[in-house]
Amino acid sequence: MTVVPPETQPVVAAAGRRPGLALVVALLCWVPYVVGLVLPYYANGVHQRPAGEPIFAHDLDTMWPYDTALGGVVAFVAVVGVPTAPFVAGGVAMWSLFMVWAWRGTLTAREVVLYAAAAAVGVATIAWLTTSLATELLMWLWD
């Protein structure tokens, strides 16, 4: 029976760490919000509506990019991605913090920065949902 010294174990497991992937997944959580809500809001000039006019007066289905050939894909990404993104972002944030804690003695500075960025983007995704703009855009989407 061979006993492996503890110094060699993190080197084998280090190949499985993917801090860049965590950051990419965290950034992908923004895609449904940007493509499905923010882009139509600003590209179609809805943000310049008169002060008393409700956002519901503008039909989202008749606006770009929903009225293009990719409108079905954009609608699918928005309808599926908007409710899913906060859960994925929260999972990425928690996983990133766990990885930094679990591997705190063996992570390089680059890996710590990438995990920290992934955690920050995940938390920012959830925090954005508490803004008044997000509330207005989500009500506009679900109307």
Side-chain angles (χ1 to χ4, degrees), residues 4-143:
V4 179
E7 293 81 26
T8 60
Q9 289 176 353
V11 175
V12 175
R17 294 191 307 239
R18 303 271 191 252
L21 182 62
L23 182 58
V24 168
V25 172
L27 289 171
L28 284 175
C29 290
W30 280 93
V31 169
Y33 299 121
V34 171
V35 172
L37 295 172
V38 176
L39 188 63
Y41 183 71
Y42 287 107
N44 294 301
V46 178
H47 66 288
Q48 297 173 343
R49 69 188 187 281
E53 183 180 341
I55 194 169
F56 304 113
H58 302 276
D59 189 17
L60 187 62
D61 293 335
T62 61
M63 296 185 173
W64 184 88
Y66 289 95
D67 64 349
T68 64
L70 294 175
V73 174
V74 172
F76 179 78
V77 167
V79 169
V80 173
V82 165
T84 307
F87 296 104
V88 174
V92 167
M94 288 187 293
W95 179 254
S96 297
L97 293 174
F98 169 76
M99 290 300 284
V100 169
W101 176 257
W103 295 97
R104 63 188 173 275
T106 61
L107 287 176
T108 64
R110 178 182 175 274
E111 290 173 327
V112 171
V113 168
L114 287 173
Y115 278 131
V121 170
V123 170
T125 302
I126 296 169
W128 181 78
L129 292 174
T130 63
T131 64
S132 60
L133 176 63
T135 303
E136 185 177 45
L137 293 179
L138 288 172
M139 293 300 291
W140 186 38
L141 174 70
W142 299 124
D143 180 36

pair [X]-[Y]: side-chain heavy atoms closer than 4.5 Å:
X: Leu28; Y: Val31; answer: yes
X: Arg17; Y: Tyr115; answer: yes
X: Pro40; Y: Pro65; answer: yes
X: Trp142; Y: Val82; answer: yes

Report the residues that fulfil side chain to side chain contact (heavy atoms under 4.5 Å, CB included) with [X], sequence neighbours left out, ordered by chain and then residue number.
X: Arg110; answer: Thr108, Leu114
X: His58; answer: Val46, Arg49, Glu53, Met63, Trp140
X: Thr62; answer: Asp59
X: Ala117; answer: Leu23

Return the minimal non-hydrogen interatomic distance between [X] and [Y], and the atom names on each side.
X: Leu137; Y: Leu37; answer: O-CD2, 3.4 Å
X: Cys29; Y: Ala89; answer: SG-N, 3.6 Å
X: Ala78; Y: Pro83; answer: O-CD, 4.1 Å
X: Ile55; Y: Glu136; answer: CD1-CG, 3.8 Å
X: Leu129; Y: Pro86; answer: CD1-CG, 3.5 Å
X: Ala26; Y: Ala118; answer: CB-O, 3.6 Å

More than 12 non-hydrogen atoms from neighbouring residues, nucleotides or ligands closer than 6.0 Å to CZ on Phe87, yes or no?
-> no
Starting from the C-alpha separation in whole Å, work towards a yes-or-no answer on ring-ring contact (aromatic ring centres under 6.0 Å, His included) for Trp95 and Phe98.
-> CA-CA 5 Å; Trp95 179 254; Phe98 169 76; 5.4 Å; yes
Which residue pairs satisfy the side chain to side chain donor-acceptor pair (under 3.5 Å) criterion with at least one member in residues 21-40, sequence neighbours excluded?
-> Trp30-Thr125
So side chain to side chain donor-acceptor pair (under 3.5 Å) across residues 65-91, not counting sequence neighbours, yields none
Backbone N/O of Met139 and side chain of Asp143: donor-acceptor pair under 3.5 Å = no
Distance from Leu141 atom CG to Tyr41 atom OH, nearest 0.5 Å?
-> 14.5 Å
OG1 of Thr135 to CG of Leu133, rounded to nearest 0.5 Å, is 8.5 Å
